[in-house]
S.K.: 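Let me begin by handing over the structure; questions about it come next.
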Number of protein chains: 2
Amino acid sequence: MTTRGGRDRRTRKRLLDAATRLFAERGLKYVTVRAICRAARANVAAVNYHFGDKMGLYREVLEDAASVVTKMTAEAIAAGEGLPAEERFRAYVRINCQHIFRAGPKNRLQQLMHRELQEPTEMLDTIIERVWKPRFEYLGGIVGELLGLPPDDDRVGRALLSVHAQIVMFKPSPVQLRMGRNVERIVDPADVAEHIIAFSLAGFEAYRAAAAVPAAAGRL
Amino acid sequence: MTTRGGRDRRTRKRLLDAATRLFAERGLKYVTVRAICRAARANVAAVNYHFGDKMGLYREVLEDAASVVTKMTAEAIAAGEGLPAEERFRAYVRINCQHIFRAGPKNRLQQLMHRELQEPTEMLDTIIERVWKPRFEYLGGIVGELLGLPPDDDRVGRALLSVHAQIVMFKPSPVQLRMGRNVERIVDPADVAEHIIAFSLAGFEAYRAAAAVPAAAGRL
DNA sequence: TTCTGATTCAAACAACTGTTTAATTCGTCT
DNA sequence: AGACGAATTAAACAGTTGTTTGAATCAGAA
């Protein structure tokens with residue numbers, strides 16, 4: 001029983017690895033079962049044998065990715081434990097940027113989570129519940145504190161999206177690649193994290209200042 | 001010659017309209033020729049007859065969209081003519097948000113331009129040259145002035161992307177739809193524009209302040 | 001009207017997709 | 001060795017895709 005996985009689990013693992021890489025790079029629709037099996041050096045029927053169908057493989061890839069990424073988020077939260085809100089914000093952005101921008105398999109898992117938002121599949125609900133909601137709730141608490149507003153305030157919601165938008169955007173993509181700027185320098189991981197931190201903290205401060213002078217609040 | 005367009009140009013126009021809508025909603029790969037022809041009440045062979053092939057139709061849709069959107073950008077630039085940098089920035093963001101968030105056909109054309117960045121086709125180069133480069137150059141001039149830095153400075157590049165990221169993000173998408181917040185209020189067009197303006201201007205100001213105190217510049 | 005060229009149509013085409021099948025190979029236990 | 005179940009394989013399957021074909025239809029000129 002336990003040892004039946006001599007040959008078995010090995011091609012299964014190869015399929016999962018190849019599928020993770022390809023799905024992250026091109027998305028569910030653009031990756032064919034044949035391409036996965038070619039990359040995993042397996043027969044075309046291997047996907048159906050081990051995972052039922054293509055969607056079953058995708059489901060398992062995404063669930064594995066969600067587990068790893070969720071653990072990563074927990075680390076990012078733990079890194080700010082006991083610190084004041086501003087430092088918790090810095091820690092969160094820094095760790096997130098590291099995992100998204102650095103090369104390697106961790107990067108791919110993050111990419112899968114982002115892709116599900118841009119190009120949703122039937123797994124969207126699962127990913128939102130397990131990955132995105134916890135993140136946004138945590139970050140919402142921090143931003144609310146920094147803005148001096150309750151976490152469910154609309155202004156907190158918008159500020160949250162502003163932060164999220166920046167983290168996503170700086171992932172090198174076709175946009176930046178041909179803008180005539182030196183992309184390698186602009187999107188340097190460390191610089192980007194510090195940029196987002198400084199830019200966002202200033203934005204929070206602007207809200208704080210506006211809230212302190214109610215007469216100007218309408219302008220915001 | 002001139003009047004041969006009785007029946008001819010009409011189905012051609014219907015195909016272009018249907019294709020524009022569908023491509024904007026689902027993207028090139030997810031829209032079938034048959035779906036376009038069904039929506040345009042035309043025969044399956046109509047696309048190949050009028051545009052050569054599917055890609056020819058997509059090319060024409062995107063080129064038409066680029067023309068309209070480019071004109072729109074010119075209007076946004078003209079709206080800030082002669083005004084100081086901060087007011088030019090406000091005008092640019094406001095007009096952009098209007099066109100992206102408001103319902104209607106204008107919205108779809110913008111969406112096509114954004115989609116080409118997320119899911120590039122062979123038309124990417126054309127769209128970057130005709131739509132994105134002019135926009136980023138104009139906005140780069142404004143942001144450079146507001147930051148007190150030359151337009152080609154890396155920090156200007158990052159600030160540019162921060163603004164762009166926010167404008168893109170607030171377009172309602174699956175992310176926001178299930179975050180447990182009241183999305184209709186958070187992404188209200190007018191509020192979003194003012195939020196992005198306030199948030200970004202504060203970010204610019206932070207850079208300005210940091211530049212004025214060189215000792216702290218390394219932190220940013 | 002008759003002719004001509006452009007347009008439309010139903011049908012079929014070839015290539016690709018995910019999936020299934022039935023035979024074969026492999027590892028493991030008796 | 002022999003037997004059994006799990007895993008792999010080549011081949012085929014059914015459905016969808018973009019595209020082509022050749023006949024039918026239409027509008028306008030001679």
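Just so we're on the same page: letters track the sequence lines, and every chain starts at 1.
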S.K.: Find the distance K29(B):NZ to dC16(C):P and express it as a whole number of Å.
M.R.: 11 Å

S.K.: Taking side chain to side chain contact (heavy atoms under 4.5 Å, CB included) as the test, write out the residues that go with A39(B), two or more places apart.
M.R.: A18(B), R21(B), L22(B)

S.K.: Compare side-chain N and O positions of H50(B) against OP1 and OP2 of dA6(C) and report whether any pair is under 4.0 Å apart.
M.R.: no

S.K.: Passes side chain to side chain donor-acceptor pair (under 3.5 Å), E119(A) versus Y30(B)? Steps please.
M.R.: CA-CA 11 Å; E119(A) 218 176 327; Y30(B) 289 86; 2.6 Å; yes

S.K.: Calculate the interatomic distance between R26(A) atom CZ and dT17(C) atom C1'; express it in whole Å.
M.R.: 15 Å

S.K.: Measure from CZ on R12(B) to P on dT8(C) and round the result to the nearest Å.
M.R.: 11 Å

S.K.: What is the distance, rounded to the nearest whole Å, between atom OH of Y58(B) and atom C1' of dT17(D)?
M.R.: 18 Å

S.K.: Quick one: R38(A) CZ to dT9(D) P, roughly how many Å, whole number?
M.R.: 15 Å

S.K.: Extract from the structure each pairing of a protein N or O with an N or O of nucleotides 19-23 of chain C at less than 3.5 Å, listing the distance.
M.R.:
residue: dT19(C); atom: OP2; partner: K54(A); partner atom: N; Å: 2.7
residue: dT19(C); atom: O5'; partner: N48(A); partner atom: ND2; Å: 3.4

S.K.: Would you indicate, yes or no, if dT8(C) has its OP1 or OP2 atom less than 4.0 angstrom from a side-chain nitrogen or oxygen of T11(B)?
M.R.: yes

S.K.: I'd like to know if R130(A) pairs up with E63(A) as an ion pair, taking the criterion as any Lys NZ or Arg NE/NH1/NH2 lying under 4.0 Å from an Asp or Glu carboxylate oxygen.
M.R.: no

S.K.: Ion pair present between R59(B) and E122(B), side-chain N to carboxylate O less than 4.0 angstrom?
M.R.: yes

S.K.: Is any side-chain N of the basic residue among E145(B) and R88(B) closer than 4.0 Å to the acidic one's carboxylate O?
M.R.: yes

S.K.: Test side chain to side chain contact (heavy atoms under 4.5 Å, CB included) on I196(B) and R158(A); report intermediate values, then the result.
M.R.: CA-CA 9 Å; I196(B) 294 176; R158(A) 284 192 284 268; over 6 Å; no

S.K.: Could you give the CG-to-P distance, from L28(A) to dT17(C), as a whole number of Å?
M.R.: 13 Å

